[in-house]
Amino acid sequence: MAWTRKILRVDLTNGTCKVEPLNMAWAQQYLGQRGLATKYFVSEVDPKVDPLSPANKMIMTTGPLTGTPASTGGRYSVVTKGALTGAIACSNSGGYFGAELKFAGWDMIIFEGRSPKPVYLWLENDKAELRDAGHLWGKTVWQTEEIIKKTHQDPQIRISSIGRAGENGVLYACIVNDLHRAAGRSGVGTVMGSKNLKAVAVRGTLGNAGIKDPKAFMAAAAAGKKVLADNAVTGQGLPTYGTQVLMNVINEMGALPTRNHRDVQFEEARKISAEAMHEKRPTDGKSQLVTNAACFGCTIACGRISKIDETHFSVVNKPEYWGASGGLEYEAAWALGAANGVGDLEALQFANMICNEDGMDPISFGATVGAAMELYELGIIKKEAIGMDAPFGSAKALCDLAMMTAKGEGFGKELGLGSARMCAKYGKPELSMSVKKQEFPAYDARGIQGMGLTYATSNRGACHLRSYTVASEVFGIPVKTDPLVTDGKADLVKAFQDATAVFDSAGICVFTSFAWTLADVQPQIAAACEGDWTLEKLNEVGERIWNMERQFNLAAGFTAKDDDLPPRLKMEPAKVGPAKGLVNGIDKMRPEYYKTRGWDEQGVPTGDTLSRLGL
Amino acid sequence: MQKSLHINAAKCTGCLQCEMACSYENHGLFNPAKSRIKVFDFEHEGRKVPYTCTQCAEAWCLNACPVDAIRVDAVTGAKVVNVATCVGCKVCTIACPFGTINYVADLGKVQKCDLCGGDPACAAACPTGAITYVDADWTGLDKMRAWAGKTDTATRASA
Ligand code: SF4
Ligand code: SF4
């Protein structure tokens, strides 16, 4: 029983909390976290629901390995219909909140309806209570955590909350836990805000006693940790440089999307890289990076904790930003930096702090700023509309726009729509670098072909975390494939998608997959969980989850047309670098992928496929 | 040779593997709330600091206990709570200047680090070397070596 077998159902409309047993038959088919919560979600929610209506639900969920000593065993996810995308959303976060939820005795919390007034959920082991959050509304994530801990006089409480972005309807608002870890993408925080739910605060002291075979589990977990420690990426690269280890590597490959994907290399990439974070600044003789940090249970510790330069224009006379804070991670450094041509490391850290403090996805925010800067340079959005000059490269504009978006002020309201809606509004929908209205992350699909297919077919909109083929195409994990060709990418993407769905359903971090394959995870799941968890079964679970998510999206109204990339990536070749002259071959890969998946030409799973997977 | 837990906070990432290992070793379940070692997060300074009993030679807790429930383990030198004798009066928790002996409400007893009988689970679980179990007389050896390496390099360069 790695599961606690207990679900909390919170009816926000009526202010009630109810305990339910976990559906163990479903647990055997969907494992936990992403898979299991999505099963609950699709069984209970109309796919056509307006994401911001009370009829949408939001599930916070742990996996069977959450709150165990498995390396990275502390993850939790938020499952809902995404405010940004209108597709199934599942955003995963580390930190300590997920493990605490488990230690309080819960597999998941299902939120329904909408509270008539702002509330937060207070969980003290099995005691669940909705409390008034009138005094927290309008507060940032950082303030919210501090106030709740003071109110309950317990510094050991773990909290997930939304900042002002989630309250103000920024469509890519995230849910932040432990100050700087986030269920980041697809607007899960916007959904939470629409429910008038400010925060979930947990204190769990019951612990996790339910491992099937503790001795076998400890041995399997130890073996897994050794694999991570011995691997060059998880044992050295990520601990030393964090995810930012990628900045120079991806730039050299000509796959660092720059200035809204106009370019594929950023001339100032070095200035915003991991190496730059380590360098001593001339102003104060200190490096931006203070230390690395791990999420619960993690033996990799990719997390970065940094201090901004106190003399930087963004924080002059603002001591509240001078303390140590999370960042920069690679995706944020790219989205806030290269995506809009800003090479000022301190400005990126400031914008990143605003994203943490007020709960915004830095990828979608940064990429939307990039689109706005292009519209500005084309003369389509005028200086008066933005309230400032906003050419590519303007660190000042980036910092000001971050604050305005978080607070819902002025042009920040437009940026809060995300790039797809904003560009459509200005008559240039093709300038939004997104799929299913969700902005691309930090890999240019012309230089890494498999990522084009990854983005186009991701069930939650453009995303690197659904099938990180970068591992194979760049690092040769588990096998090296050529990033510049489309051949074989359909199979590669499918394999990554299915495996990742299992990682996301187990309670562990997908970054372990730089070193672990499912064969490393399987013994840990098998020792922890009741049932017969073979490798074959896990592969099938992954495929089942993927197809279930697909079915929801099709029922929500998505079609094969939505499995596509913006024209820029299909028609404007890379100008420099190894991919010079290339566009992404999505139109060739898509039909191959559908076939590999057992879907028809319209991307609909065939009856055979569905019955094979028991769907 | 007597050994001691040695903590190098600069290496700690805050993964809490030590707390999980401690609770499993002593309570048979994974529960940081029951751990005898605690990792403190000074988030605004970017520091994580693991903290536990240092096994004082003249232990306040041991001296304060009215029923002699705390004894010295002859092999490890740990000050060990005899659960059968402990009456849960908590006087030791008042006496200890460091707060590293604590009451466990659901047991009605106190608990503290007992060095796991000479094979501390936290040190074994720590992935970063922030917690090690080393010669009690030479807990400073690593720091000495590090500083020694930085000393008198000029002479060698010109030699
Ligand atoms: S690899 Fe990074 S994100 Fe994943 S659990 Fe570890 S610290 Fe957290
Ligand atoms: S196991 Fe080591 S690195 Fe992890 S929290 Fe404990 S002391 Fe720190």
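A note on names: the letters A, B, ... follow the listed sequences, proteins ahead of strands, and every chain is numbered from 1. Since we're looking at a predicted model, the values are computed, not measured.
Only the backbone of B:Glu45 comes within contact range of chain A, with heavy atoms under 4.5 Å apart. For chain B, the nearby part of A:Ala70 is the backbone; its heavy atoms alone come within less than 4.5 Å. Only the side chain of A:Lys307 has a heavy atom closer than 4.5 Å to any heavy atom of chain B. With a 4.5 angstrom heavy-atom cutoff, B:Lys11 does not touch chain A via any of its atoms. With a 4.5 angstrom heavy-atom cutoff, A:Thr205 touches chain B via backbone and side-chain atoms both. The part of B:Tyr24 that comes within reach of chain A is its side chain, from C-beta onward, which places non-hydrogen atoms under 4.5 angstrom from that chain.
Counting non-hydrogen atoms of other residues, nucleotides and ligands closer than 6.0 Å to NZ of B:Lys143 gives a total of 12 or fewer. Heavy atoms from other residues, nucleotides or ligands lying under 6.0 Å from CH2 of A:Trp322 number more than 12. For A:Glu146, the CD atom counts as loosely surrounded, since its 6.0 Å shell holds 12 or fewer non-hydrogen atoms of other residues, nucleotides or ligands. Heavy-atom contacts from other residues, nucleotides or ligands closer than 6.0 Å to CE of B:Met144 number 12 or fewer. Other residues, nucleotides and ligands contribute more than 12 heavy atoms inside 6.0 Å of the NZ atom of A:Lys149.
Note: B:Leu16 CG to A:Cys295 SG = 10.5 Å, rounded to the nearest 0.5 Å.
In this structure, the side chain of B:Asn31 does not engage the main chain of A:Asn208 through any donor-acceptor pair within 3.5 Å.
Inter-residue side-chain proximity for A:Lys225 and B:Gln17 is flagged as met; some heavy-atom pair is nearer than 4.5 Å. Side-chain contact between A:Gln156 and B:Lys38: present, with at least one pair of heavy atoms (C-beta onward) separated by less than 4.5 Å. Using a 4.5 Å heavy-atom threshold, the side chains of B:Cys15 and A:Phe296 count as separate.
The shortest non-hydrogen separation linking B:Thr13 to A:Ala301 is CG2-CB, 3.6 Å. Listed here is the closest heavy atom pair of B:Phe30 and A:Phe103: O-CE2, 3.5 Å.
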- With side-chain contact (heavy atoms from CB on, under 4.5 Å) as the test, would you mind laying out the steps for B:Arg47 and A:Thr291 before giving the verdict? CA-CA 8 Å; B:Arg47 288 194 303 132; A:Thr291 184; over 6 Å; no
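Taking chain B as the reference chain and counting heavy-atom pairs below 4.5 Å, the highest number among A:Ser325, A:Gly73, A:Pro214 is found for A:Pro214. Ranking A:Asp178, A:Ile305, A:Val290, A:Leu206 against chain B, the residue ahead of the rest is A:Leu206, based on heavy-atom pairs under 4.5 Å.
Within residues 64-76 of chain B, no residue has any heavy atom under 4.5 Å from a heavy atom of chain A.
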